[in-house]
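Here is the structure we will look at, set down as structure tokens.
Whatever order the structure lists ligands and atoms in, that order sets their numbers, starting from 1. All values derive from a computational prediction rather than experimental measurement.
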Amino acid sequence: MGEQFHLERATMADAPAIQDLVSGFASLGEMLPRPLAEIYEQLRDFLVVRDNNRLVACAALHIMWEDLAEIRSLAVLDEWQARGVGAQLVEACLDEARALGIITVFALTRQPSFFERLGFHQAEVMALPRKVWGECFRCPKFPNCDEVAVIIEFKA
Ligand SMILES: CC(C)(COP(=O)(O)OP(=O)(O)OC[C@H]1O[C@@H](n2cnc3c(N)ncnc32)[C@H](O)[C@@H]1OP(=O)(O)O)[C@@H](O)C(=O)NCCC(=O)NCCS
């Protein structure tokens with residue numbers, strides 16, 4: 001078994017560091033930026049990994065509907081990548097989704113193969129109408145999305 005990381009619920013003090021981590025990758029076009037206001041609003045969605053007091057990774061599980069949740073803002077600091085942190089964050093989000101009785105979890109990503117290793121399969125983003133019409137239409141890239149939808153489904 002590989003290294004186990006200490007995953008914790010985010011607190012308000014983590015929000016600026018979450019934004020910095022996500023912004024760094026967003027500026028490279030690897031993910032979408034998140035406004036600080038949205039991070040505060042959705043802070044209870046976030047899990048983080050800290051090294052002493054430094055935030056090194058984060059991920060959020062955001063409930064969309066009775067049977068649907070999204071993994072968003074998954075980011076691992078460069079020097080912490082390839083050690084299993086990202087996979088453990090995704091597994092923790094999936095455990096929480098299962099415990100809540102959510103059947104489908106999806107992510108929009110430019111790293112579909114990372115998610116496929118964890119049991120997700122690729123899907124058409126338009127197969128996620130709640131996401132598309134709830135949020136995507138506000139995205140500056142809509143409708144020319146450069147992300148791939150990946151989905152995992154649990155038995156009801
Ligand atoms: C994608 C990301 C979250 C992966 O996190 P990580 O901690 O490096 O990944 P892990 O070490 O847990 O990797 C788990 C497995 O996926 C593989 N993997 C990691 N990144 C991958 C990628 N981009 N593509 C394909 N496979 C990948 C690893 O080799 C590992 O495989 P193994 O189990 O056979 O050893 C991280 O690279 C990152 O933060 N990238 C920048 C932001 C981003 O793209 N976020 C995703 C947006 S949804």
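Among Ile151, Ile152, Ile71, the one residue that satisfies the side-chain contact (heavy atoms from CB on, under 4.5 Å) test with Phe106 is Ile151.
Side-chain contact between Leu55 and Val48 is present, with at least one heavy-atom pair separated by less than 4.5 Å. Leu118 has its side chain within reach of Glu91: a pair of non-hydrogen atoms, C-beta onward, lies under 4.5 Å apart.
Close contacts between ligand 1 and Ala75 involve ligand atoms 39 (O) [criterion: under 4.0 Å to a heavy atom]. Each of the atoms 42 (C) of ligand 1 lies under 4.0 Å from some heavy atom of Met31. Those atoms of ligand 1 that come under 4.0 Å of a heavy atom in Ala87, given as number and element, are 12 (O), 14 (C). Near Arg83, with a cut-off below 4.0 Å to any heavy atom, the atoms of ligand 1 are 11 (O). If you number the atoms of ligand 1 from 1 as listed, the ones under 4.0 Å from a heavy atom of Thr109 come out as 47 (C), 48 (S).
For atom 44 (O) of ligand 1, the nearest protein heavy atom (residue, atom name, distance) is Gln111 CG, 3.5 Å. Closest protein heavy atom to atom 8 (O) of ligand 1: Ala82 N, 2.8 Å. Nearest protein neighbour of atom 7 (O) of ligand 1, counting heavy atoms only, is Gly86 N, 2.7 Å. With hydrogens left out, the protein atom closest to atom 39 (O) of ligand 1 is Val76 N, 2.7 Å, a heavy atom. Nearest to atom 24 (N) of ligand 1 among the protein's heavy atoms is Ser113 OG, 3.4 Å. Scanning all protein heavy atoms for the shortest distance to atom 33 (O) of ligand 1 gives Arg117 NH1, 4.1 Å. Closest protein heavy atom to atom 46 (C) of ligand 1: Leu74 O, 3.5 Å.
With Gln122 contributing its side chain and Val150 its backbone, the two residues share no donor-acceptor pair below 3.5 Å. Of the possible polar contacts, one joining the Gln88 side chain to the Phe5 backbone as a donor-acceptor pair under 3.5 Å is found. Not a single donor-acceptor pair under 3.5 Å links the side chain of Glu70 to the backbone N or O of Val105. Of the possible polar contacts, none joining the Arg72 side chain to the Ala107 backbone as a donor-acceptor pair under 3.5 Å is found. Side-chain atoms of Gln81 never come within 3.5 Å of backbone atoms of Gly86 as a donor-acceptor pair (strictly under, hydrogens ignored).
The nearest protein heavy atom to atom 28 (C) of ligand 1 is not closer than 4.0 Å. Atom 12 (O) of ligand 1 is approached by the protein to below 4.0 angstrom, counting heavy atoms only.
Sequence neighbours left out, not one pair with a member in residues 56-95 passes ring pair (Phe, Tyr, Trp, His ring centres under 6.0 Å).
The shortest N/O to N/O separation between Gly84 and ligand 1 falls below 3.5 Å. Below 3.5 Å of separation, one finds no N or O of Phe25 facing any N or O of ligand 1.
With hydrophobic clusters built from ILVMFWY side chains whose heavy atoms lie under 4.5 angstrom apart, Leu28 does not share a cluster with Leu77.
Residues passing the ring-ring contact (aromatic ring centres under 6.0 Å, His included) test with Phe120, sequence neighbours excluded: Phe115.
Ala107 does not count as a contact of ligand 1, since none of its heavy atoms falls under 4.0 Å from the ligand. Taking 4.0 Å as the cut-off, Arg110 does not count as a neighbour of ligand 1 on heavy-atom distance.
Around atom CG of Asp146, more than 12 heavy atoms belonging to other residues, nucleotides or ligands sit under 6.0 Å away.
Proximity of Phe114 to ligand 1, defined as any heavy-atom pair under 4.0 Å, is shared by backbone and side chain alike. Under 4.0 Å from ligand 1, not a single heavy atom of Arg72 appears. The parts of Gln81 lying near ligand 1 are both backbone and side chain, judged by heavy-atom distances below 4.0 Å.
Remark: Arg44 does not engage Glu96 in a salt bridge, criterion side-chain N to carboxylate O under 4.0 Å.
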